[in-house]
Engineer: 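This is the structure I want to talk about, given as structure tokens.
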Amino acid sequence: MTPPRSPCFPVPSVFKKKKFNDQPFAYHAELELEIATLTNLGSGLGRVPLPGETEAKWVVMVPFALPGERVRVRVFRNHKNYSEADIVTVLTPSLERVAAPCPLFGRCGGCQYQHLAYTGQLAWKRRQVAEVLQHLAGVEFPVAPVIASPREFGYRSKITPHFNPPRDDRPMPIGFLRQGTRFDILDVPQCPIATPAINERLTTVRDEAQARRATYTRGGTLLLREASGVVTTVYEAIVTETVGDLKLRFLARDFFQNNPFILPAFTGYVRAQVAASGARFLVDAYCGSGLFALTAAPAVEQVTGIEITESSVAFARENAAANGITNTVFQAGDAAAIFSGLAFPAADTAVIIDPPRKGCDAAFLTQLFAFGPRTVVYVSCDPATQMRDLKDFLAAGYAPTAVQPFDLFPQTRHLECVITLRRG
């Protein structure tokens, strides 16, 4: 199976450097190996013998190779304890390999799994959560099957194409980072994981940016966000997203989950975990414009949402009032004393946390553990940082009662994971 210059097999984007490290393999050395697993970055991983040895110990990372495949690869970078290589030929393809629908797959850095059948994506994401749970937190705990997205494509409700104006008259690339690079932008006229409405508007937005290219003195980012069927390109515009029976308003530029089709199941699960804890009170410690606080409000007597950003607090209050939810209070919390003044008894309180990708900082965890809620429902877009934080929860006397991944990002290596923790 010789790869075409196509979706699944990218033209190598990393070129030979003057000071290429040629140990243990020369630049563009060709190797054959079996792919044993997928890394959490979505690359295939296999092992080969080092030159002069017979035992296959040296790790080789191969983007777009799948477990069970035998591949011929070409080395483009050596690290201290592993090498990176591009596929030359798939000698024995996986039964789960499929044709990627996007013509830019393999060149665009946005997707890692379009060549893997969706059932396989879900199975590997579940396995990766179990692996980081064991390896990073030292916990063996059953991970529930990943909740699938209702849409495998056409689900993403926000995209932010980038551009760098060229110095000559060539068309300006508008799109996303090229696979394997940090600065090279690949032109992306259409994105199959974005909603159809966004793709329809993208053509116009790209034409407008090209027409204004002479006015740009440096690179920039465009915004396209769809909410309730309406696409906006204005960062400060107020948009309205529908989640189940709720309508939530927020700024187009603000953080909000970008797969609205799975949100009813996602927020419903979090609400069910809060209800199952038996807690009478709820704290949403990173409440934003109120997504989890308002969807979980029916499960408890009172909710307090805490958010550092004043504008998000204002939207959360407006959203509660607009949806007739009367058992919520939202306040701007000082990062140094986020739980100060909270009147809820800790033994009867559940806390939802949905931190940024970097996870919780030490100051926040110290305050959380000092408060000592009965239950914590930890929502994360990065299981690696979530498992790092889990070690602190274990040391503070918490134990997991449920681990549930959700696939908010089909065709990519990303996922959301919800871990429910109970004290004592």
Engineer: Which heavy atom in Ser277 sits nearest to a heavy atom in Thr375, and how many Å separate them?
Structural biologist: CB-OG1, 3.3 Å
Engineer: Test of understanding: with side-chain hydrogen bond (donor to acceptor under 3.5 Å, both in side chains), list the residues that count as partners of Thr309, not counting sequence neighbours.
Structural biologist: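 Thr309: side-chain hydrogen bond (donor to acceptor under 3.5 Å, both in side chains) contacts with Glu307.
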Engineer: Evaluate Ser149 against Asn259 for side-chain hydrogen bond (donor to acceptor under 3.5 Å, both in side chains), listing each step before the verdict.
Structural biologist: CA-CA 8 Å; Ser149 170; Asn259 183 342; 3.1 Å; yes
Engineer: Between Phe330 and Ala293, which heavy-atom pair has the shortest distance, and what is it?
Structural biologist: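 Minimum heavy-atom contact is CE2-CB, 3.8 Å.
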Engineer: Please list all pairs meeting salt bridge (charged side-chain N to carboxylate O under 4.0 Å, His left out) that have one or both residues in residues 210-221, counting only residues at least two apart or in different chains.
Structural biologist: none
Engineer: Which residues pass the side-chain hydrogen bond (donor to acceptor under 3.5 Å, both in side chains) test with Gln128, not counting sequence neighbours?
Structural biologist: none
Engineer: Between Arg151 and Gly154, is there a donor-acceptor pair closer than 3.5 Å when you use the side chain of the first and the backbone of the second?
Structural biologist: yes
Engineer: Taking side-chain contact (heavy atoms from CB on, under 4.5 Å) as the criterion, tell me which of Ile198, Val188, Asn258 meets it with Ile159.
Structural biologist: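 So the option named by the test is Ile198.
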Engineer: Report the residues that fulfil side-chain hydrogen bond (donor to acceptor under 3.5 Å, both in side chains) with Gln386, sequence neighbours left out, ordered by chain and then residue number.
Structural biologist: none
Engineer: Given 3.5 Å as the limit, does a donor-acceptor pair link the side chain of Ser380 with the main chain of Cys417, or not?
Structural biologist: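 Such a contact is absent between Ser380 side chain and Cys417 backbone.
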Engineer: Could you tell me which non-hydrogen atom of Val300 sits nearest to which non-hydrogen atom of Ala279, and how far apart they are?
Structural biologist: CG1-O, 3.6 Å
Engineer: Kindly state each residue pair satisfying side chain to side chain donor-acceptor pair (under 3.5 Å) with at least one member in residues 409-424, sequence neighbours excluded.
Structural biologist: Gln121-Gln411, Gln273-Thr420
Engineer: Determine whether the aromatic ring centres of Tyr398 and Tyr378 lie less than 6.0 Å apart.
Structural biologist: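 They do not qualify: ring centres at least 6.0 Å apart.
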Engineer: The test is side-chain contact (heavy atoms from CB on, under 4.5 Å); show your working for Val418 and Tyr269 and say whether it passes.
Structural biologist: CA-CA 9 Å; Val418 183; Tyr269 175 83; 3.7 Å; yes
Engineer: Do other residues, nucleotides or ligands put more than 12 heavy atoms under 6.0 Å from the CG atom of Leu95?
Structural biologist: no
Engineer: Which pair of heavy atoms, one from Cys111 and one from Phe64, lies closest together, and at what distance?
Structural biologist: O-CE2, 4.1 Å
Engineer: Could you check whether any side-chain N or O of Asp389 sits under 3.5 Å from a backbone N or O of Cys360, counting only pairs where one atom can act as donor and the other as acceptor?
Structural biologist: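 Between the backbone of Cys360 and the side chain of Asp389 there is a qualifying donor-acceptor contact (under 3.5 Å).
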Engineer: Give the intermediate values and the outcome of side-chain contact (heavy atoms from CB on, under 4.5 Å) for residues Val231 and Glu200.
Structural biologist: CA-CA 10 Å; Val231 178; Glu200 183 177 352; over 6 Å; no
Engineer: Keeping the roles fixed (side chain from Asn78, backbone from Asn21), state whether a donor-acceptor pair exists under 3.5 Å.
Structural biologist: yes
Engineer: Hey, could you give me the CZ/OG distance between Arg225 and Ser157, rounded to the nearest 0.5 Å?
Structural biologist: 5.5 Å
Engineer: May I ask you to decide if Leu263's main-chain N or O and Thr267's side chain share a donor-acceptor pair within less than 3.5 Å?
Structural biologist: yes
Engineer: Could you tell me whether the side chain of Val62 reaches within less than 4.5 Å of the side chain of Ile87, counting heavy atoms only?
Structural biologist: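 Yes; the side chains approach each other to less than 4.5 Å.
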Engineer: Arg72 side chain to Glu30 main-chain N or O, any donor-acceptor pair under 3.5 Å?
Structural biologist: no
Engineer: Only distances under 3.5 Å count here; give the side-chain donor-acceptor pairs of residues 134-145 to other protein atoms, sequence neighbours excluded, each with its distance to 0.1 Å.
Structural biologist:
from: Gln134; atom 1: NE2; to: Glu140; atom 2: OE2; distance (Å): 3.2
from: His135; atom 1: ND1; to: Glu131; atom 2: O; distance (Å): 3.3

Engineer: Over 60° means perpendicular and under 30° means parallel, so tell me whether Phe163 and Tyr216 are parallel, tilted or perpendicular.
Structural biologist: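 Rings of Phe163 and Tyr216: tilted, 30 to 60°.
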Engineer: Identify the heavy atoms of Ala350 and Val274 that sit nearest to each other, and give their distance.
Structural biologist: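 For Ala350 versus Val274, the nearest heavy atoms are CB-CG1, 4.3 Å.
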Engineer: Distance from Asp187 atom CG to Ile174 atom CD1, nearest 0.5 Å?
Structural biologist: 6.5 Å
Engineer: Taking all atoms of both residues into account, what is the closest heavy-atom pair of Trp58 and Ser83, and its distance?
Structural biologist: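 Result for this residue pair: NE1-OG, 2.9 Å.
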Engineer: Which word best sums up how the rings of Phe256 and Phe250 line up, parallel for under 30°, tilted for 30 to 60°, or perpendicular for over 60°?
Structural biologist: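 Taking Phe250 first and then Phe256, their aromatic rings lie parallel (interplane angle under 30°).
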Engineer: Test your reading of the model: is there a side-chain donor-acceptor pair from Arg201 to the backbone of Leu224, 3.5 Å cut-off?
Structural biologist: no
Engineer: Scan residues 256-276 for pairs that pass salt bridge (charged side-chain N to carboxylate O under 4.0 Å, His left out), counting only residues two or more places apart or in two chains.
Structural biologist: none
Engineer: Could you pull out all residues at least two apart from Pro150 that satisfy side chain to side chain contact (heavy atoms under 4.5 Å, CB included)?
Structural biologist: Phe261, Ile262
Engineer: In Å and rounded to the nearest 0.5 Å, what is the CG to CZ distance from Leu365 to Phe393?
Structural biologist: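 It comes to 5.5 Å.
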Engineer: For atom CG of Asp169, decide whether the heavy atoms of other residues, nucleotides or ligands shown that lie under 6.0 angstrom number more than 12.
Structural biologist: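 Incorrect, the count does not exceed 12.
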Engineer: What about the rings of Phe20 and Phe76, do their centers lie closer together than 6.0 Å?
Structural biologist: no
Engineer: Parallel under 30°, tilted from 30 to 60°, perpendicular over 60°: which one fits the rings of Phe339 and Phe371?
Structural biologist: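 Because their plane-to-plane angle is under 30°, the rings of Phe339 and Phe371 count as parallel.
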Engineer: Given side chains that start at C-beta, do those of Leu291 and Leu248 come closer than 4.5 Å, heavy atoms only?
Structural biologist: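 When only atoms from C-beta onward are counted, Leu248 and Leu291 do touch, with a gap below 4.5 Å.
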Engineer: With side-chain contact (heavy atoms from CB on, under 4.5 Å) as the criterion, how do Trp124 and Tyr113 come out once you've worked through the C-alpha distance, each side chain's angles and the decisive distance to 0.1 Å?
Structural biologist: CA-CA 11 Å; Trp124 276 99; Tyr113 289 153; 5.5 Å; no
Engineer: Atom OH of Tyr286 and atom CZ of Phe364: how far apart are they, to the nearest 0.5 Å?
Structural biologist: 4.5 Å
Engineer: Can you tell me how far the CD atom of Glu69 sits from the OG atom of Ser94, to the nearest 0.5 Å?
Structural biologist: 5.5 Å
Engineer: Under a 3.5 Å distance rule, please check whether Asp284 uses its side chain to pair with a backbone N or O of Val303 as donor and acceptor.
Structural biologist: no
Engineer: Give, for atom CG of Leu282 and atom SG of Cys287, the distance between the pair rounded to the nearest 0.5 Å.
Structural biologist: 10.5 Å
Engineer: Please list all pairs meeting salt bridge (charged side-chain N to carboxylate O under 4.0 Å, His left out) that have one or both residues in residues 152-167, counting only residues at least two apart or in different chains.
Structural biologist: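 Passing the test, one end in residues 152-167: no pairs.
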Engineer: Just grab all the salt bridge (charged side-chain N to carboxylate O under 4.0 Å, His left out) pairs involving residues 34-52, residues at least two apart or on different chains.
Structural biologist: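 Output for this query lists Glu34-Arg70.
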Engineer: Would you say Asp407's side chain and Leu415's backbone share a donor-acceptor pair under 3.5 angstrom?
Structural biologist: no
Engineer: Output yes when a side-chain donor or acceptor of His162 lies under 3.5 Å from a complementary backbone atom of Ile185, and no otherwise.
Structural biologist: no
Engineer: For residues 230-252, which residue pairs pass the side chain to side chain donor-acceptor pair (under 3.5 Å) check, not counting sequence neighbours?
Structural biologist: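 Every side chain to side chain donor-acceptor pair (under 3.5 Å) pair that includes a residue of residues 230-252, provided the two are not neighbours, is Ser228-Thr242, Glu236-Arg253, Thr242-Lys247.
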Engineer: Carefully, step by step, assess Leu45 and Val59 under the rule side-chain contact (heavy atoms from CB on, under 4.5 Å).
Structural biologist: CA-CA 7 Å; Leu45 182 152; Val59 170; 3.8 Å; yes
Engineer: In this structure, is the centre-to-centre distance between the rings of Phe292 and Phe266 below 6.0 Å?
Structural biologist: yes
Engineer: Holding to side-chain hydrogen bond (donor to acceptor under 3.5 Å, both in side chains), I want the full list of residues that pass it with Asp392, two or more places apart in sequence or in another chain.
Structural biologist: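 So Asp392 forms no side-chain hydrogen bond (donor to acceptor under 3.5 Å, both in side chains) with any residue.
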